Engineer: 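Mind looking over this structure? Questions follow.
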Amino acid sequence: MPGTAVIGLQWGDEAKGKIVDLLTSRNDIVVRYQGGANAGHTVVAGDKKYKLSLIPSGIFHSHVQCVVAGGVVLHPKSMLAEIDTLTKQGVSIQKNLMISDRTHVIFPWHLIEDALFNKVGNTEAIGTTMRGIGPCYRDKVGRTLAVRLGDLYQPDFQNRIAEIIEAKNRMFGGLMCDIDKSMGVPGLDVEFNAKQIVEEYLDYAERLRPFVADTTDYLLNAVDGDKNILFEGAQGSLLDVDHGTFPYVTGSNSSAAGICGGSGVPLHFIKKIIGVVKAYTTRVGGGPCPTEQNNDIGVKIRTRGNEIGTVTKRPRRCGWFDAVAVRYSVRLGGVDSLCLTLLDVLSTFDTIQICTAYELDGQQTRSFPSSSEALRRVKPLYETLPGWQDDLRSVKTFSGLPAAAQNYVKRISELIGKPVEIISVGPDREQTIEL
Ligand code: IMP
């Protein structure tokens, strides 16, 4: 099974980290291929809890090489902080981590731009993680203001960054005329100092040097050598910049569409795609979420599921499982099988609802609308299933689940048209049911 991918099928936070960690022992390499420090995973191993943002979850397995590929946007300070924390926790990093010299580097101006343009005019705010992700990808596509990690080691880096800073200072100077300072946007008065930024980033570059490599070349050699490679998606498919709920999305292709572009491996290498999906729905930030429950049900799911953002600590918006949205992500990603997480959270509901179709402008549909404005107008049509009261956290087999929970899983599989292969009933590795 050379190329396997694990991707989120909703709006992120599907607990992919645990699943990647579980599958890692069967792989030689784990690759993170898009996104940046906007992602957050918690991996529980034994009595230890680890928080990861940029480093692939495979890092806890000493035989595995972890690759941060070129499609990622890199905030060097966050990466170094993560390396330091894991090292202090006794995790071996030195030999197991590679960072692509093609990753695009996040600078202080990206964070300010994120704050400035998170909301423009009267539209709903995107509600970004404020990590500079979108602005860094914007510069990547724009090219002339972009810096890749490999550029930090080039002799002309100082001149190049000075030119970029001059352009950015001019841009911010212009913005100052237009933007009311009462918006309280942090840092708008700051004029970037080229010397200071060069020093800061050259220091990061030195500390990152042991990890920096041409990971595309490394991965292509691994493909030629028939290595087993696991691709770890960040965010969820519905946050994909092209196929998600635009503009309330992230800056990268967070659906399966991003795997080859972000890592450089050829399409035909990916043989299996596992879609990770929560037993309910959550969303952080702005944008439509048809099955959101702005009521006691949503509060109960949030409380039981501890649905607070790992990165931004924002409470997540919670609601019932949306089979229309997930069926779309599954088809979009060519997903082969499902991993259903957080099933234990739904215990104690008398009844559970699943959205099986939308009503849009008087018409019933199972298509996921391309427009967020249309998605705001849909009325979710629900099917009601019996709930269960039992605590699922120590259940080890599918037949050990209460009948109502088994029915719920089967119904989701039926509606999505894919088998459920893994069920997660708690954060520990042991709290996993393989079917
Ligand atoms: P950005 O990725 O920081 O630009 O944020 C864009 C949107 O994606 C916002 O709604 C964020 O809340 C959301 N988002 C980004 N990363 C994650 C994630 O890892 N989990 C869930 N939502 C995310």
Side-chain angles (χ1 to χ4, degrees), residues 34-38 54 70-79 100-205 208 235 239 241-242 246-253 285-287 311-312:
Q34 45 74 223
N38 48 350
L54 279 159
V72 167
V73 284
L74 188 85
H75 188 240
K77 194 175 172 185
S78 305
M79 177 53 105
S100 171
D101 55 2
R102 289 177 170 86
T103 54
H104 278 254
V105 180
I106 296 181
F107 285 90
W109 44 86
H110 293 130
L111 306 183
I112 296 173
E113 290 170 30
D114 215 353
L116 267 179
F117 301 120
N118 176 41
K119 178 172 165 59
V120 174
N122 290 323
T123 54
E124 184 186 357
I126 295 172
T128 76
T129 59
M130 297 288 162
R131 298 296 189 270
I133 306 296
C136 185
Y137 279 118
R138 180 165 54 222
D139 280 345
K140 168 179 170 170
V141 177
R143 290 152 295 160
T144 47
L145 298 174
V147 176
R148 305 204 297 183
L149 183 56
D151 297 337
L152 267 56
Y153 303 95
Q154 298 302 322
D156 69 340
F157 171 64
Q158 299 206 13
N159 293 336
R160 194 164 146 52
I161 200 75
E163 285 162 6
I164 290 174
I165 287 175
E166 200 194 316
K168 288 284 178 183
N169 278 339
R170 268 189 278 126
M171 270 173 57
F172 280 109
L175 282 168
M176 291 270 293
C177 309
D178 292 339
I179 291 177
D180 181 359
K181 276 204 212 163
S182 65
M183 271 174 72
V185 177
L188 247 197
D189 284 335
V190 173
E191 188 161 292
F192 298 109
N193 178 316
K195 185 169 171 291
Q196 202 182 327
I197 289 181
V198 165
E199 275 172 20
E200 182 184 340
Y201 276 72
L202 285 180
D203 179 50
Y204 296 148
L208 288 171
Q235 290 85 47
L239 288 173
V241 67
D242 289 304
F246 193 87
Y248 307 99
V249 290
T250 190
S252 63
N253 284 120
V311 176
T312 57

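Treat the numbers as computed from the prediction; the structure is a model and nothing was measured.
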Engineer: What pair of heavy atoms forms the shortest contact from Ile126 to Tyr248, and how long is it?
Structural biologist: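 Closest approach of Ile126 to Tyr248: CA-CD2, 3.9 Å.
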
Engineer: Under 3.5 Å, is there a donor-acceptor pair between the side chain of Glu191 and the main chain of Asn169?
Structural biologist: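 No, because the side chain of Glu191 does not come within donor-acceptor range (under 3.5 Å) of the backbone of Asn169.
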
Engineer: Which heavy atom in Pro108 sits nearest to a heavy atom in Tyr201, and how many Å separate them?
Structural biologist: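 In terms of heavy atoms, the two residues are closest at CD-OH, 3.6 Å.
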
Engineer: Mind checking whether Phe192 and Trp109 have ring centres under 6.0 Å apart?
Structural biologist: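 For Phe192 and Trp109, the ring centres are under 6.0 Å apart.
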
Engineer: How long is the gap from CZ on Phe246 to CG on Leu239, to the nearest 0.5 Å?
Structural biologist: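 Reported to 0.5 Å precision, the distance equals 12.5 Å.
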
Engineer: Under the criterion side chain to side chain contact (heavy atoms under 4.5 Å, CB included), I'd like the reasoning laid out for Phe107 against Ile165: C-alpha separation, chi angles, the key distance, then a yes or no.
Structural biologist: CA-CA 10 Å; Phe107 285 90; Ile165 287 175; over 6 Å; no

Engineer: Working to the nearest 0.5 Å, report the span between CG of Leu74 and CG of Leu208.
Structural biologist: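 Separation between the atoms: 6.5 Å.
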
Engineer: Looking at residues at least two apart in the chain, or sitting in another chain, which of them share a side chain to side chain donor-acceptor pair (under 3.5 Å) with Thr128?
Structural biologist: Asp114

Engineer: Can you measure from CG (Asn159) to CD1 (Ile164) and round to the nearest 0.5 angstrom?
Structural biologist: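 Taking CG in Asn159 and CD1 in Ile164, the distance rounds to 11.0 Å.
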
Engineer: Let me confirm one number: the CZ-OG1 distance from Arg160 to Thr144, rounded to the nearest 0.5 Å.
Structural biologist: 8.0 Å

Engineer: Glu124 and Gly286: which non-hydrogen atoms are nearest, and at how many Å?
Structural biologist: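 Where Glu124 meets Gly286 most closely, the heavy atoms are OE2-CA, 3.3 Å.
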
Engineer: What is the minimum heavy-atom distance between Val105 and Cys136, and which atoms define it?
Structural biologist: O-SG, 3.5 Å

Engineer: Take atom CD in Gln158; do more than 12 heavy atoms of anything else shown fall under 6.0 Å from it?
Structural biologist: no

Engineer: Hey, could you give me the CG/NZ distance between Asn122 and Lys119, rounded to the nearest 0.5 Å?
Structural biologist: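 If we round to the nearest 0.5 Å, Asn122:CG and Lys119:NZ are 6.0 Å apart.
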
Engineer: Which residue pairs pass the salt bridge (charged side-chain N to carboxylate O under 4.0 Å, His left out) test when at least one of the two sits in residues 135-145, sequence neighbours left out?
Structural biologist: Glu113-Arg138, Asp139-Lys168

Engineer: Check step by step if side chain to side chain contact (heavy atoms under 4.5 Å, CB included) holds for Asn253 and Asp242.
Structural biologist: CA-CA 7 Å; Asn253 284 120; Asp242 289 304; 3.0 Å; yes

Engineer: Taking all non-hydrogen atoms of both residues, which atom of Val241 and which atom of Val249 are closest, and how far apart?
Structural biologist: CA-CG2, 3.9 Å

Engineer: Rounded to the nearest 0.5 Å, how far apart are OG1 of Thr250 and CG of Asn38?
Structural biologist: 4.5 Å

Engineer: Quick check: closest heavy atoms across Leu54 and Val73, and the distance to 0.1 Å?
Structural biologist: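 Closest approach of Leu54 to Val73: CD2-O, 4.0 Å.
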
Engineer: Should Leu111 and Ile106 count as side-chain neighbours, where that means a heavy-atom distance under 4.5 Å?
Structural biologist: yes

Engineer: Just grab all the salt bridge (charged side-chain N to carboxylate O under 4.0 Å, His left out) pairs involving residues 147-157, residues at least two apart or on different chains.
Structural biologist: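 As it turns out, there is no salt bridge (charged side-chain N to carboxylate O under 4.0 Å, His left out) pair with a partner in residues 147-157 once direct neighbours are skipped.
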
Engineer: Using atom types as modelled and distance alone, determine if a side-chain donor or acceptor of Tyr204 lies under 3.5 Å from a backbone N or O of Lys77.
Structural biologist: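 No, because the side chain of Tyr204 does not come within donor-acceptor range (under 3.5 Å) of the backbone of Lys77.
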
Engineer: Could you walk me through whether Tyr137 and Gln34 satisfy the side chain to side chain contact (heavy atoms under 4.5 Å, CB included) test, starting with their C-alpha distance in whole Å, then the side-chain angles of each, then the deciding distance to 0.1 Å, before giving a yes or no?
Structural biologist: CA-CA 10 Å; Tyr137 279 118; Gln34 45 74 223; 4.3 Å; yes

